Engineer: 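Sharing a structure here in structure tokens format.
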Amino acid sequence: MEYLGGTLAFIALFLLNTAICETTCGFEACPAPKLNMINVHLVPHSHDDVGWLKTVDQYYYGSQNKIQHAGVQYILDTVVEELLKDSSRRFIQVETFFFAKWYSEQNETVQRAVKKLVAQGRLEFAGGAWSMNDEATVHYQSVIDQFNLGLRYLKDTFGECGRPTVGWQIDPFGHSREMASMFAQMAFNGEFFARMDYVDKKQRMLDLEMEMIWQSSEFLKNSNIFTGMLYNHYAAPPGFCFDINCEDAPIIDGDSYDNNVDARVSEFIDYVKNMAKSYRSTHIMVPMGDDFQYEDAAVNFKNMDKLIKYVNDRQSTGSQVNVFYSTPSCYLYELHQLKQTWPNKTEDFFPYSSDSHSYWTGYFTSRPTQKRFHRDGNHFFQTVKQLSVLANLSGTQHSEDLDNLSQAMGIMQHHDAVTGTEKQAVASDYDRMLFKAIVGAENSARDALRSLTNLTSGEFKSCLELNISVCTFTQDTANNVIVTLVNPLAHSSTQYVRVPAKNENYIVTDEKGREVFSEVIPVPWLVLALEHRSNDTQHELVFKASVDKIANFLIRVLPTPKNIAEDQVYFPAERSQDELTVETSLVKLTFDTTTGGLKTVEMNGLTENIQQTFGIYKGYRGNNGESKNRSSGAYVFRPSGDIEIVNNKVELSFYNGTKVKEVHQHVNEWISQVIRIYEDVNRVEFEWLVGPIPTDDDVGKEIITRFSSNISSKGKFYTDSNGREILERERNQREHFTPDMSEAISGNYYPVTGQISLQDDEKRITLLNDRAQGGSSLKDGELELMLHRRLLNDDAFGVGEALNEIQYGTGLIARGKIYLILDAVAGKPNQRLLQHQLDQHFWKFFSKSNGVASVNKNMMIPDFFGIPKSVELLSLEPYSKDQILIRMENFNTEGNVVSFNIYPLFESLSGYQIWETTLDGNMLLEDVKRFKFAQDGTGTIPSSVEYYHAPHNPLTANSTMDASGFVVTLVPMQIRTFIIQQKYIPS
């Protein structure tokens, strides 16, 4: 209490002597540099993982320090206290999750002091999202959501001074172009990171290209953004870590025999001079911090104070090094003032290699079930947000439930969460957190649907085990079950819906009592054989549904027996001859019954020989003592030798349904698959089941599926960037440098969040996936995706345990889907609209009722009529009281701009006012003023500093205006974000 009392007294004195209304944040608060000197911007920071070796709560509270000594609450306690002591000190805070948790626990006096520090620019936020997200395995929709969450919290708490202007992505394992594009669309001035291929970094240091202008979009104007690579990772200079967890010598001054000031100052100046040789300007940025540092911030700041003083004292004897506390935004401000040119960058920073045998491409696939759960969480989150708007949910508990899911999804974006690079106990905690949040938000969905339909006491349960054909709601009977389908898309959609059910004779009717087509399909026996699966239901009822926004379908069991015996439509393929042909009106597949594998695909007027196989890479096992002994692990993919193709004769069974055709493949004891086509659906679905991966031979294994064709792809293939723009890849090549291809397989792997494709002059094959995976084209005409990994060694990059997931006492089993499309080449690959439709398919809710369910006619259905088919709904969600956030995205990459009038949508949402914001939703688009930097090769050097402003005239309108003022225009790939202020709506 004595310590706390002294701190509060100090804070009270600080508040007494500073005007609360005084605001000097932003560039006015930046320290003044000196001319003709190397200006060293010292940036105090702590990199605080939102889970990794410990859970998020263990990191925050400082428990389980035997695993890792870290307590974020103590970091923030002592940092704030030390900032208050000296107005020249600075600190940057990045992870808003930790800060928000800490700030909520502070008393009013401390909160006022923190607001003052922020207002004076002494405590600055960088990044500002809920967590420091990964950039390889995240989906852009989830990244936007977590920036919306974090930046909105900062705006609501600190106003404009709380808004970051710089991205601080210092720890993700490679960097995506789409992330840079999102920073530009959020009006950030630049971004900094600390990981880059070691060959690329070495070359850039020689060429003075550590800082560059990144063209972050092929389609969007004003997308260039300054990007900087840190010199010594994100750590303090070697020998200058003053944290209590370090062993470097402090600055010893005064009348002491151990006085080391001269030696330490000389050592620091030498470091600065050497570092400056790799940068173009007279300013350099030196981070002072590392993982979970500043738990006793007095030690850090006291030594940095001395370092600054004694280095600057050398100026009197001719030193040209000037050191001061700073922030990334102040550093970037000074670079902008220089009006010089910078190198260009157009592609991305994948894959990342830290040495000749360590390509960090394994995490693209690590923990595949968690990666899928992350995508399911996003799907449900979008659904519940939309339902909350439609039903005008305004209860406190509804807001809390939605916020909890938002926060859980924000945490899941962290670069040690969705990546699968955390300890197993932490992975389990992430799953627990997300599951709890989904269950809580289900209550909001239920209440919304009770309001929106005539089922005022409907259960509206979700089934989270549909991927193994299990739903507790239908395990006894599907008779008199209402399936309520919610369509998160803007446009009406027709899809096939699958419901776990018993093998009975069903009739499915819509809200008007009209029968819709349905049939019963057997569940593959290898799914039924899952030890932990309840086998009450061994079939699936499939029906075709068309939904605008919400629709109800009633399932009933008819007393009459089935007309066709099951064995007439489901039989082993051996009954056929050399080939098995499976076809609908749009797709024809041919299988070789000798091998059991796919042979040819016909669709879109094209025929191609496409063989699908499964393969095994054996994980390299080494002691990690040096790079050549690097093991394959959670981060690193390093195969031992070449691939082993699974050549077992595949057992085939064929279901020849009316609208659904399925070939069930049994590859071996732990690999199986369903290849499925639907009538009127122009794609082929591959639903794979892998695991438990055997390790009884003491060999870890990494499982891929490969599609081989005769397409002459000439070493090139295409992958998406976080689910948005498509980048061209060329085997063994990089944009800026000649890579070290000692690991030729893993060095050609790239992150695939949504799609991978290859093509020649005539044909294109595209694979779309249902979660982030690693993928490549190692030979012309071939595409492969890694499905699952189970390894027996750690790769010694920090996590400290092998990626050996165990579930139900054995190795983890994973199931997922890949979709194949064969089509003619027309422009660049683009299946983004289909990808979005697959990601945001109907969400199914289940209720019991023997009556006809219907959607209430007076419900507030958004009016998307007149919106072009290429434009889709990215977000529809509550923003604040009586305010709705909406994002519209043009999914086209070809063609001209599209325009539509948003007034009908505005009116259907009871709009009073509408205004446009940056991508995150928290800054008026008309207020954008973002640093513009000149690029090398333009032939001109700007005479004055330049800025980017809004790329178009921002929409601002109200209900009294003519509808002609509500026209929205979208260029290809553009996203526009709006806030609608609603008229008063009685609850």
Side-chain angles (χ1 to χ4, degrees), residues 376 379-380 382-383 386-387 390 445 448-449 452-455 458-463 466-467 469 471 473-474 478-501 504-521 537 539-558 584-586 657-662 676-683 685 687 817 819 833-834 836-849 851-856 859 861-862 864 869 872-873:
D376 285 337
H379 183 194
F380 187 63
Q382 305 306 324
T383 302
Q386 291 193 24
L387 289 173
L390 300 181
L449 289 168
L452 296 168
T453 70
N454 65 349
L455 294 176
E459 294 90 340
F460 296 107
K461 290 288 187 181
S462 294
C463 292
L466 294 175
N467 66 320
S469 305
C471 178
F473 207 83
T474 62
N479 191 34
N480 293 327
V481 167
I482 296 285
V483 183
T484 302
L485 302 176
V486 177
N487 176 18
L489 305 171
H491 301 287
S492 177
S493 180
T494 299
Q495 302 171 20
Y496 285 89
V497 177
R498 304 176 74 98
V499 176
E504 298 183 273
N505 193 16
Y506 296 95
I507 181 171
V508 181
T509 54
D510 64 14
E511 294 179 1
K512 295 183 177 180
R514 298 172 298 195
E515 181 177 358
V516 298
F517 174 82
S518 66
E519 58 187 303
V520 176
I521 298 173
T537 52
H539 293 75
E540 287 186 309
L541 172 66
V542 181
F543 63 92
K544 192 175 183 180
S546 295
V547 181
D548 291 332
K549 183 52 67 176
I550 300 172
N552 299 284
F553 294 84
L554 173 62
I555 301 172
R556 287 178 293 143
V557 176
L558 297 179
T584 65
S585 61
L586 297 178
T658 306
K659 300 275 190 182
V660 188
K661 319 285 184 179
E662 294 190 353
R676 182 181 293 126
I677 54 178
Y678 294 97
E679 184 59 45
D680 298 324
V681 175
N682 204 17
R683 58 182 176 268
E685 182 178 305
E687 188 166 23
K817 293 180 180 179
Y819 306 89
L833 193 56
L834 173 58
H836 183 65
Q837 292 165 353
L838 293 171
D839 281 342
Q840 298 297 320
H841 55 83
F842 300 157
W843 189 275
K844 297 184 275 286
F845 294 94
F846 298 89
S847 302
K848 289 284 188 183
S849 175
V852 177
S854 62
V855 177
N856 291 335
M859 69 170 285
I861 288 285
F864 293 103
K869 289 294 184 182
E872 258 299 346
L873 181 64

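Note that the structure is a prediction, hence the values are computed from the model and not measured.
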Engineer: Taking only residues two or more places apart in sequence, or in another chain, which ones meet Lys461 in a side chain to side chain donor-acceptor pair (under 3.5 Å)?
Structural biologist: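 Lys461 satisfies side chain to side chain donor-acceptor pair (under 3.5 Å) with no other residue.
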
Engineer: Any donor-acceptor pair under 3.5 Å linking the side chain of Tyr678 with the backbone of Thr584?
Structural biologist: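 Not a single qualifying donor-acceptor pair exists.
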
Engineer: I'd like to know if the side chain of Glu540 and the backbone of Ile521 have a donor-acceptor N/O pair within less than 3.5 Å.
Structural biologist: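 Checked: no pair found.
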
Engineer: With side chains defined as the heavy atoms from C-beta onward, is the minimum distance between Phe845 and Leu387 less than 4.5 Å?
Structural biologist: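 Counting from C-beta outward, Phe845 and Leu387 do come under 4.5 Å.
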
Engineer: Tell me, with the steps shown, if Leu449 and Ile550 meet side-chain contact (heavy atoms from CB on, under 4.5 Å).
Structural biologist: CA-CA 9 Å; Leu449 289 168; Ile550 300 172; 4.2 Å; yes

Engineer: Could you tell me whether the side chain of Asn479 and the main chain of Val557 form a donor-acceptor pair under 3.5 Å?
Structural biologist: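 Confirmed, Asn479 side chain pairs with Val557 backbone.
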
Engineer: Could you measure the distance from the CG atom of Asn505 to the OG atom of Ser518? Nearest 0.5 Å is fine.
Structural biologist: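 Reported value, rounded in 0.5 Å steps: 8.0 Å.
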
Engineer: Is it the case that the side chain of Gln840 and the backbone of Asn487 share a donor-acceptor pair, with hydrogens and angles ignored and the cut-off at 3.5 Å?
Structural biologist: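 Absent.
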
Engineer: What residues form a side chain to side chain donor-acceptor pair (under 3.5 Å) with Lys659, not counting sequence neighbours?
Structural biologist: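 Partners of Lys659 by the side chain to side chain donor-acceptor pair (under 3.5 Å) criterion come out as none, since no residue qualifies.
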
Engineer: Has the side chain of Lys549 got a donor or acceptor atom that lies under 3.5 Å from a matching backbone atom of Leu489?
Structural biologist: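 Present.
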
Engineer: Quick one: pull up NZ in Lys869 and CG in Leu833 and give me the separation to the nearest 0.5 Å.
Structural biologist: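 Nearest 0.5 Å value for the NZ-CG distance: 9.5 Å.
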
Engineer: Would the distance check show the side chain of Asn552 and the main-chain N or O of Glu511 forming a donor-acceptor pair, the cut-off being under 3.5 Å?
Structural biologist: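 It does not hold such a pair.
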
Engineer: I'd like to know if Glu662 and Arg498 make a salt bridge, using a cut-off of under 4.0 Å between side-chain N and carboxylate O.
Structural biologist: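 Salt bridge present between Glu662 and Arg498.
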
Engineer: Going by the angle between their ring planes, with limits at 30° and 60°, are Phe543 and Phe553 parallel, tilted or perpendicular?
Structural biologist: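 Tilted.
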
Engineer: If you look at every heavy atom in Phe842 and Ala545, which pair is closest and at what distance?
Structural biologist: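 Scanning both residues, the minimum pair turns out to be CE1-O, 3.7 Å.
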
Engineer: Between the side chain of Asn856 and the main-chain N/O of Thr453, is any donor-acceptor distance below 3.5 Å?
Structural biologist: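 Side chain of Asn856 to backbone of Thr453: a pair is present.
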
